[in-house]
Undergrad: 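Supplied in structure tokens, the structure appears directly below.
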Amino acid sequence: MAEARAKSRKPRRSSKASKRSKSSRSAKPSKSSKSAKPAKTKRAAKSAKRAKSAKSAKSRQPKTASAAKPPKARSPKSAKTAAPPAPAIAVKAHEPQPLPLSLTAKSPFEMRVHLGDGVPETDVQSALDSGDMGFLHSFTTGSTVDGPGVRVVAWTTGCGWRCRYCHNPDTWTMRNGYPISVAKAAEELGKYRHGLKVMAGGFTISGGEPLMQHRFVVKLLTAAKKMGIHTTIESNGFFGERLSDADLEQIDLVMLGLKTWGKERHEELTGRDIEPTLAFARRLAARKRKIWVRFVLVPNLTDDIDEIGKIAEFAAGLGNVERVEVLPFHQMGRYKWHELGIRYHLEKTEPPTTESVDRALQVFRSAGLEAY
Ligand code: SF4
């Protein structure tokens, strides 16, 4: 969920996670160094050295440069921020694929587009059907705002909502993400498994809307659980009915976005009906699955005290809401709307005042909820 992550600003990298990430990026030894034969004479040795050097230089060239299609028309601005082009063919679940350096991002606020353009539509569909492959905007490490403890976060692409304050509109389109197999994503996560346990953290899948790719997400969460890693999804809940009861067992925590109250208000803010989200929340409560509610406070949009009161009343009535996070609106994603050429309605909206945030927190606390 590309919501305003109030206390987040920028996810920090822990030194441990950073070291691991760094080591994962280190270059493999060049094949040429293994394959060069020893020269018998001085001249032969020189000649062999020259050949080795040429071969080695060739092997250092990025593989994607020749294997991938160039990205589709990209504005000069987005070209500066976008990651390297996508592979021309779909990634199959069993194929070992090198993780693109760019998949590990410093923060989800990085703009990424067209990474999956080369994947044929039929492959996208079969990936969604099987869940063996998914599309990710990025991986971030060291987040302390996407669930308990320190987290690795996989940001999925694809979202059918159009929240006016969304700070990651580049995640709306699935093909903006990088195609990656479950096996490769799980392998990447596995590098952090021990650190995550030590830091009482875990793995979070956010987006975009993760449940747009629910089969991929469930497979990845199942892999995480097998590694003993705590699992969380950040979701708007709209596709909650796609998850079976068994799927829910793979999710330790749902961070559920409750945006506003009332059918019309909700449709105006998000473009979608609120009822599926509420139904998912009730189902999670019935199955005793933990929820953290996320509520984005936007001046003149979501700061009506009566409406906040109704959200608080609903959340408190569920009985499984461990905490509420009030996220002050910010403008960190504004540049993305501009670069994508999407009309942005909150151009002049300021972040809420401290008093306004405190008022919202008080409403949730008065309903008996822990709110931060
Ligand atoms: S549009 Fe989608 S990704 Fe953006 S905040 Fe809304 S639910 Fe989240």
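In this chain, residues are counted from 1 in sequence order. Whatever order the structure lists them in is the order used to number ligands and atoms, beginning at 1.
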Undergrad: My understanding is that we take every heavy atom of each candidate and find the minimum distance to atom 2 (Fe) of ligand 1. Doing that for Gly237, Cys159, Pro210, Gly160, which one comes out nearest?
TA: Cys159
Undergrad: Is any side-chain heavy atom of Arg294 closer than 4.5 Å to one of Leu258?
TA: no
Undergrad: Need the ligand 1 atom indices (1-based, order shown) with element for anything under 4.0 Å from a heavy-atom of Cys163.
TA: 1 (S), 5 (S), 6 (Fe), 7 (S)
Undergrad: Cation-pi between Arg283 and Phe280: NZ/CZ under 6.0 Å from ring centre and within 45° of the ring axis?
TA: no
Undergrad: Check for me whether Arg175 meets the cation-pi criterion with Phe135, that is, NZ or CZ under 6.0 Å from the six-membered ring centre and within 45 degrees of the ring axis.
TA: no
Undergrad: With no hydrogens and no angle check, do the side chains of Thr260 and Glu307 hold a donor and an acceptor under 3.5 Å apart?
TA: yes
Undergrad: Can you name the atoms of ligand 1, numbered from 1 with element, that are less than 4.0 Å from a heavy atom of Trp172?
TA: 1 (S), 4 (Fe)
Undergrad: Please determine whether Cys166 has a backbone or side-chain N, O or S atom lying under 2.8 Å from atom 4 (Fe) of ligand 1.
TA: yes
Undergrad: With atoms numbered from 1 as shown, which atoms in ligand 1 lie under 4.0 angstrom from a non-hydrogen atom of Gly208?
TA: 3 (S)
Undergrad: Which ligand 1 atoms are under 4.0 Å away from a heavy-atom of Asn236?
TA: 7 (S)
Undergrad: Is Arg343 positioned over the aromatic face of Trp337, cation under 6.0 angstrom from the ring centre and no more than 45 degrees off axis?
TA: no
